[in-house]
*Asks:* 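Below you will find the structure I want to go over with you.
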Amino acid sequence: MAGCTSRCRQGVLKLIQSLQRLVSGGLTKDKTDEELEMTTVCHRPEGLDQLEAQTNFSKQELQILYRGFKNECPSGVVDEETFKHIYAQFFPHGDASMYAHYLFNAFDTTNNGSIKFKDFVMGLSILLRGTLREKLEWTFHLYDINRDGYINREEMTEIVRAIYDMMGKFTYPALKGDVPQQHVDAFFQKMDKNKDGVVTLEEFIIACQEDETMMSSMQLFENVI
């Protein structure tokens with residue numbers, strides 16, 4: 001994107017890494033953090049007090065995150081190509097572009113083709129520190145590609161294929177022609193309680209809470225973001 005060069009891409013990657021350290025308590029407060037002010041960029045985020053109220057991050061954490069975001073990407077936004085470039089670094093043995101596309105759309109809640117600081121921290125707040133229901137709702141909306149309030153077989157097939165492509169040669173079991181469809185069939189067998197061919201949010205949440213394997217898969221975002 002214009003004004004966001006390779007330095008910006010490296011900066012957003014640092015931002016993701018910094019968030020991991022924040023969650024584990026690896027960052028400590030210093031004098032610079034106390035003096036930080038929210039200066040104007042192309043897209044000024046909400047005030048710190050409002051973001052603190054809307055997320056599960058402290059004001060100090062938001063200051064650290066925003067400083068990195070502002071310094072490394074002065075335009076104040078991340079576009080999809082930049083996001084894909086960053087995400088691909090986590091999966092060098094596969095093609096993460098399609099899954100990153102779906103993930104980007106989940107963060108881009110306003111559907112304007114870019115992720116602002118507020119979009120980013122609110123999404124990460126849910127994935128890393130949200131309640132179980134909040135995480136499940138976020139994941140449901142990720143899978144609901146056409147945003148109609150249901151997950152259908154076509155959408156789930158696209159997601160499964162994107163995950164296999166992303167994992168590349170480390171996919172287990174090895175990808176064969178019918179493997180994605182088998183996963184989709186298993187998904188609907190567990191999720192589609194009334195057998196109407198689509199999965200609702202409530203069906204998704206109930207089924208996930210009842211299935212230990214499904215619950216363990218909720219660690220995905222914490223491991224890769």
Side-chain angles (χ1 to χ4, degrees), residues 1 4-24 26 65 68-69 72-73 77-109 113-117 119-130 135-146 151 154-184 186-187 204 208 211 213-225:
M1 80 189 150
C4 193
T5 61
S6 60
R7 182 169 177 266
C8 167
R9 297 186 180 95
Q10 294 169 1
V12 180
L13 182 57
K14 291 178 185 176
L15 183 65
I16 294 172
Q17 294 169 338
S18 293
L19 183 59
Q20 290 177 310
R21 292 168 59 200
L22 279 168
V23 173
S24 63
L65 292 170
F69 199 94
E72 301 295 344
C73 194
V77 296
V78 177
D79 67 3
E80 183 171 344
E81 290 308 308
T82 301
F83 186 86
K84 286 181 178 179
H85 174 82
I86 295 166
Y87 204 74
Q89 297 180 49
F90 291 102
F91 300 96
H93 301 289
D95 180 2
S97 60
M98 187 53 68
Y99 192 80
H101 166 73
Y102 297 134
L103 192 59
F104 177 88
N105 286 342
F107 276 103
D108 180 18
T109 56
S114 64
I115 300 173
K116 301 178 185 177
F117 178 70
D119 301 324
F120 196 60
V121 296
M122 290 194 71
L124 290 176
S125 173
I126 292 172
L127 293 173
L128 297 178
R129 295 183 180 173
K135 291 181 180 182
L136 291 173
E137 286 179 351
W138 200 94
T139 305
F140 177 88
H141 294 306
L142 168 66
Y143 294 169
D144 179 18
I145 297 172
N146 66 7
I151 300 174
E154 290 75 18
E155 289 172 322
M156 201 62 218
T157 300
E158 290 185 38
I159 291 291
V160 170
R161 288 190 179 278
I163 292 174
Y164 269 95
D165 289 344
M166 177 174 66
M167 299 308 295
K169 68 180 183 180
F170 292 108
T171 300
Y172 180 81
L175 180 60
K176 298 179 181 178
D178 60 345
V179 170
Q181 191 58 52
Q182 291 175 6
H183 278 274
V184 172
F187 175 90
F204 181 80
C208 283
D211 191 287
T213 301
M214 293 284 186
M215 292 303 298
S216 64
S217 71
M218 290 305 297
Q219 301 302 314
L220 172 65
F221 295 111
E222 294 184 20
N223 293 334
V224 301
I225 290 184

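Computed over heavy atoms, backbone and side chain alike; hydrogens, waters and symmetry mates excluded.
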*Asks:* Contact between I126 and L124 at the side-chain level, heavy atoms closer than 4.5 Å - yes or no?
*Replies:*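 I126 does not reach L124 side chain to side chain.
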*Asks:* Run the numbers on W138 and F107 for side chain to side chain contact (heavy atoms under 4.5 Å, CB included), then give the verdict.
*Replies:* CA-CA 9 Å; W138 200 94; F107 276 103; 4.1 Å; yes
*Asks:* Enter the distance from T139:OG1 to L127:CG here, rounded to the nearest 0.5 Å.
*Replies:*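 Reported to 0.5 Å precision, the distance equals 6.5 Å.
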*Asks:* CG of N146 to CD of E154: how many Å apart, nearest 0.5 Å?
*Replies:*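 Rounded to the nearest 0.5 Å, the CG-CD separation comes to 9.5 Å.
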*Asks:* Could you pull out the closest heavy-atom pair between S97 and K84, with the gap in Å?
*Replies:*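 In terms of heavy atoms, the two residues are closest at O-CE, 3.4 Å.
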*Asks:* Evaluate side chain to side chain contact (heavy atoms under 4.5 Å, CB included) for H101 paired with M98, printing each intermediate quantity in order.
*Replies:* CA-CA 5 Å; H101 166 73; M98 187 53 68; 4.1 Å; yes
*Asks:* Give the minimum heavy-atom separation between S114 and D119, together with the two atoms involved.
*Replies:*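 For S114 versus D119, the nearest heavy atoms are O-OD2, 4.0 Å.
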*Asks:* So does Y102 get a backbone contact from the side chain of N105, meaning a donor-acceptor N/O pair under 3.5 Å?
*Replies:*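 No, the answer is negative, given that no donor and acceptor are paired below the 3.5 Å cut-off.
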*Asks:* Which atom names give the shortest non-hydrogen contact between H183 and V160, and what distance separates them?
*Replies:*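 Result for this residue pair: CB-CG1, 4.1 Å.
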*Asks:* Once you measure the plane-to-plane angle for F187 and Y143, does it fall in the parallel (<30°), tilted (30-60°) or perpendicular (>60°) bin?
*Replies:*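 The rings of F187 and Y143 stand perpendicular, inter-plane angle above 60°.
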*Asks:* What is the ring orientation for Y87 with F91, classed by angle as parallel under 30°, tilted 30 to 60°, or perpendicular over 60°?
*Replies:*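 Geometry flag for F91 against Y87: tilted rings.
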*Asks:* Could you pull out the closest heavy-atom pair between A96 and A88, with the gap in Å?
*Replies:*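 Closest approach of A96 to A88, heavy atoms only: CB-CA, 4.3 Å.
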*Asks:* Please name the pair of heavy atoms, one in K135 and one in G130, separated by the smallest distance, quoted to 0.1 Å.
*Replies:*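 Nearest pair, atom of K135 first, then G130: CE-O, 3.6 Å.
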*Asks:* May I ask you to test the I115-F83 pair for a side-chain heavy-atom distance under 4.5 Å?
*Replies:*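 The answer is yes; the side chains approach within 4.5 Å.
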*Asks:* Drop me the distance from I151's CD1 to H141's NE2, to the nearest 0.5 angstrom.
*Replies:*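 That separation rounds to 9.5 Å.
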*Asks:* Looking at G113, is its backbone amide N or carbonyl O close enough to the side chain of D108 to form a donor-acceptor pair, meaning the two atoms are under 3.5 Å apart?
*Replies:*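 It does hold such a pair.
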*Asks:* With distance as the sole test, does E80 use its side chain to make a donor-acceptor pair with the main-chain N or O of F104 at under 3.5 Å?
*Replies:*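 No.
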*Asks:* From I159 CD1 over to M166 CE, what is the distance, rounded to the nearest 0.5 angstrom?
*Replies:*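 Output value for this atom pair is 9.5 Å.
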